[in-house]
Amino acid sequence: MGENSWNGYEHKCLFANVGKGQFIDVARPTGSDSVKDGRGVAVADFNRDGRLDLVMNNNNETPVLYLNNLRKSGNALELKLVGTQSNHDAIGAYVRLTAGGKTMTRQVEAGSGYASQMMLPVHFGLGKAEQVDTIEIRWPSGRVQLIDGQKLAPSVKGSRQLRVKEGSDLLTQLVLETR
Amino acid sequence: MSKGRFLKTLAKIFIAAGLIVGVAVGAALYFMARRDKEHAKFFNTGKAVNVFLGNYSRTVRESFEKKDLAAVMSLYSDRFWSPGRGGWEVAPAVEEGDVSVSRVVIKGQQDFDKQAVRDEVARYLASIGSIKNIWTKIDMIEDVELERRVVLRVKFILDGTDPQGAVFQDRYFYRWELVNEGTAKAFDWKIVKDALVEKDGLIEGLRVAGDGRGFREVDLAAAGIDFKHARDPKLNAEKYSAKMKFDIIEHGSGGASAVDYDGDDRQDIFFPDGLRSRLYRNVSDDSGAVKFADVTTEASLDGVDQANAGLFADVDNDGDADLFVTRYLAPNKFFRNDGGRFTDQSQEIGLDLNSTSVTACFLDYDRDGFVDLYVGLYGDAFKDVPRLPFFAQNAQPNRLYHNEGGRSFRDVTESSGTGDTGWALAVASADYDHDGDPDLAVANDFGRKCLLRNNGDGTFTDVAKEAGVLDFSGGMGLAFGDFNDDGLIDLYTSNINSNQRWFGEDMTVSQYARNVARTRWLILDLPEYKKFYDLVGSDWPKIGTTIGEGNSLFENNGDGTFRELKESHTARAGWGWSVSFFDADNDTDLDIYAANGWITNKNKDDL
């Protein structure tokens, strides 16, 4: 090997979901195309602006921390789930959120990718929607909890993080920001 | 199983396996001598083609910089002739969030000779303001006449800026016919015919452009992160190569974790490391900038070396995130978190397995309110190589631990049926069948994926074959997520995508089978061939091409099976590592980030 590379200087890929099972790699024009020897990647909202950031560990190199600064970005809601009957982190919870006529699904997980872990709170991009209609949480205990979007503050413009406790109607607002 | 029955079963397996591979191996032995010679020619041809592709990149750059087409045109044959080829143009752009996407279209049906290509290359180079990188790589080998002619699908990537300053990337897939106009000793490849690759009427060629600032790379020093990954010195190939059977292992490490370890609703970072793992606390204010502080010492986490993954979960339900660290050829570690300070309780809690752990995930498989732990184990690089490079089964078994009320962990691998012995690199959990309990998936290097369906009674069944996710390859990572918003959790896997290497190196399955036939491994491996055959059946010779195809996206059909979306354009992600589903642009659907790279050294020319 010596000074030679093997599969060196490879572009990281950001596959943008363009619908109908199609994706387009937009890493280069979005500036997320590091060519370091990437390994683990942790996805999290490090600056709490509702946009997911990335930190990547690179073999024998310094890491890369990308702050998500996409201009055309929609609204977002992040939910931190706290289990009571379920495990405290609600690992395994399955969350369905309906907003703007569309329902999205996320799950709480602890360990995925390659030797990596993303943040525990589930993140929902909402596009242009300013109102959440419903949130349905299937907790690991089996309990199904429905949250009426009307109970959330009038709009979710900007970004918001909420804490939801299993079985409790009380939602704690963590951050409200306007960008 | 009694000893007698065991031997009888073993004999049966040997006979069955013998019948299956016997014919193939017999044929291979027969043709061996002749084929070996051919294989050497194949290798030389591949090597020379790789050199040619490197020259192509270089001459495009040279012609651009010198504003003289001579360099690049010297790689086109004077006999160049593409009948009915038509001109290639970039269609107007479509906006996709912050990015504009232009597709390549074919205009007209005129024949192209060398002069016509020359004019087109000139127009193309004139549309470029600056060039940063060019790659010309093999995507697929379509036809080979040894040492004389090859037909290749070539991936051409050019990073640059356009004359207006926009950051762009061009990705073209060409079908090139190359002819050796030199000799077998001194190759002189020339392009004699070219075409754009079309799939389902769609041309595989596009330009993506934007401002290049959608993701801002943070200055690490300013953000308070002084970490640099170090490999485990105990795996140093230069020092220990003689003792190691698989010394490439030292390049593999480096997970990353996001965690709110101190409960302040800010996401902190943990880097597992070969020398010194570090915990960085997020101490940002809400100005939009980020700031971290190395709190490893005050959190009592100093001294964690030989680590590959650090996973956090509140195992005792006391409200803070405890830490499990996988270590390779060293005891795993568990640290209990009490208010931001960690205490090493690896032994007390029963998570100090000293083996080849590389990865892990938490899941509450029996839904008793306490998270359990699944750990993926690789092979032992000092003792073993992956026995069958496409179906290695000689690693240490993965482990499942049951959390006993937050007090200790009990190894339930055997009773749960989760001890797969592939060379595991990644594990993840999701309720893919939507029956209420979490299932498991494993990505194996030199092997296949496992999908372990949770039976709800403390046992798991590997259903990867039935579910259609065997995905034979060099498996490196996997992620679950519902990318099509149908409420079903889909699966994306990362694999090695490197046909370049496949062609240029001595690595085809047939050659492997010939080599193996001469060694005692053939006898020892028979049971594994049988298992392999049971999984893939008569498709086995195709495994060579499948293995190099790259990442795989599997759509969940909702009936316990998955369908691979081969045309999703998510496969070619290089030498894959971590993959994540996330909504990058908050437009409601899940995008994918895919890391890659394998041995990036000073010299940019690949081996």
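Excluded from the calculations below are hydrogen atoms, water molecules and symmetry mates; all remaining heavy atoms, backbone and side chain alike, are included. So that the names make sense, note that chain A is the first sequence line, chain B the second, and so on, each numbered from 1. Note that the structure is predicted; figures quoted are calculated from it, not measured.
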message: Before you tell me yes or no, could you show the steps for B/Thr359 and A/Tyr114 under side chain to side chain contact (heavy atoms under 4.5 Å, CB included), namely the whole-Å CA-CA distance, both residues' side-chain angles and the distance that decides it to 0.1 Å?
response: CA-CA 7 Å; B/Thr359 190; A/Tyr114 168 71; 5.6 Å; no
message: For the residue pair A/Asp37 / B/His229, report whether a side-chain donor-acceptor contact shorter than 3.5 Å exists.
response: no
- request: Verify, without hydrogens or angle tests, whether A/Tyr9 (side chain) and B/Asn601 (backbone) share a donor-acceptor contact under 3.5 angstrom.
  value: yes
query: Looking only at atom types and distance, does a side-chain atom of B/Arg367 sit under 3.5 Å from a main-chain N or O of A/Pro140, one as donor and one as acceptor?
result: yes
query: So, the side chain of A/Glu10 versus the backbone of B/Trp575: is there a donor-acceptor pair under 3.5 Å, distance only?
result: yes
- prompt: Just one of B/Asn596, B/Asn133, B/Asp159 clears the side-chain hydrogen bond (donor to acceptor under 3.5 Å, both in side chains) bar with A/His11, so which one?
  reply: B/Asp159
- line: Scored by heavy-atom pairs under 4.5 Å with chain A, the best of B/Leu425, B/Asp316, B/Ile225 is B/Leu425
task: Check for a donor-acceptor pair, side chain of A/Asn59 on one end and backbone N or O of B/Ser253 on the other, with a separation under 3.5 Å.
output: yes
- prompt: Is a side-chain N or O of A/Arg48 found less than 3.5 angstrom from the main chain of B/Ser284, in a donor-acceptor match?
  reply: no
message: Heavy-atom cut-off 4.5 Å, strictly under: side chain, backbone, both or neither for B/Ala360 against chain A?
response: backbone
message: Would you say that more than 12 heavy atoms from the other residues, nucleotides or ligands in this model lie under 6.0 Å from the CZ of B/Arg216, or not?
response: no
message: Before you tell me yes or no, could you show the steps for B/Tyr593 and A/Val43 under side chain to side chain contact (heavy atoms under 4.5 Å, CB included), namely the whole-Å CA-CA distance, both residues' side-chain angles and the distance that decides it to 0.1 Å?
response: CA-CA 9 Å; B/Tyr593 195 72; A/Val43 180; 5.8 Å; no
field: Between A/His123 and B/Asn586, a side-chain donor and acceptor under 3.5 Å
entry: yes
message: I'd like to know if the side chain of A/Asn87 and the backbone of B/Asp364 have a donor-acceptor N/O pair within less than 3.5 Å.
response: no
Residue B/Phe168 versus chain A: region with a heavy atom under 4.5 Å: backbone
query: Would you find a donor on one side and an acceptor on the other, under 3.5 Å apart, between the side chain of A/Asp89 and the backbone of B/Ala313?
result: no
message: Is A/Leu97 in contact with chain B via its backbone, its side chain, both, or neither, using a 4.5 Å heavy-atom distance?
response: neither
field: salt bridge (charged side-chain N to carboxylate O under 4.0 Å, His left out) against B/Asp320, all qualifying residues, sequence neighbours excluded
entry: none
query: Side chain, backbone, both or neither: which part of A/Gln107 has a heavy atom under 4.5 Å from chain B?
result: side chain
message: Strictly distance-based, threshold 3.5 Å: is any side-chain N or O of A/Arg39 a donor or acceptor partner for the main-chain N or O of B/Ala256?
response: no
message: Just verifying a value: how many Å separate A/Asp25 CG and B/Arg171 CZ, rounded to the nearest 0.5 Å?
response: 4.5 Å
message: With a 3.5 Å distance limit and no angle check, can you tell me whether B/Asp583 reaches the backbone of A/Phe124 through a side-chain donor-acceptor pair?
response: no
- request: For the residue pair A/Tyr94 and B/His434, categorise the inter-ring angle as parallel (less than 30°), tilted (30 to 60°) or perpendicular (more than 60°).
  value: tilted
message: Heavy-atom cut-off 4.5 Å, strictly under: side chain, backbone, both or neither for A/Asp45 against chain B?
response: backbone
field: From A/Ile91 atom CD1 to B/Phe312 atom CZ, the distance as rounded to the nearest 0.5 Å
entry: 12.0 Å
message: Can you tell me which portion of A/Ser141 sits under 4.5 Å from chain B's heavy atoms? Options are side chain, backbone, both or neither.
response: backbone
Residue list, salt bridge (charged side-chain N to carboxylate O under 4.0 Å, His left out) with B/Asp587, at least two apart or on another chain: none
message: Once rounded to the nearest 0.5 Å, what's the spacing between atom CG of B/Leu363 and atom CD of A/Glu109?
response: 11.5 Å
message: Main chain of B/Ser257, side chain of A/Gln117: is a donor-acceptor contact present, judged purely on distance under 3.5 Å?
response: no
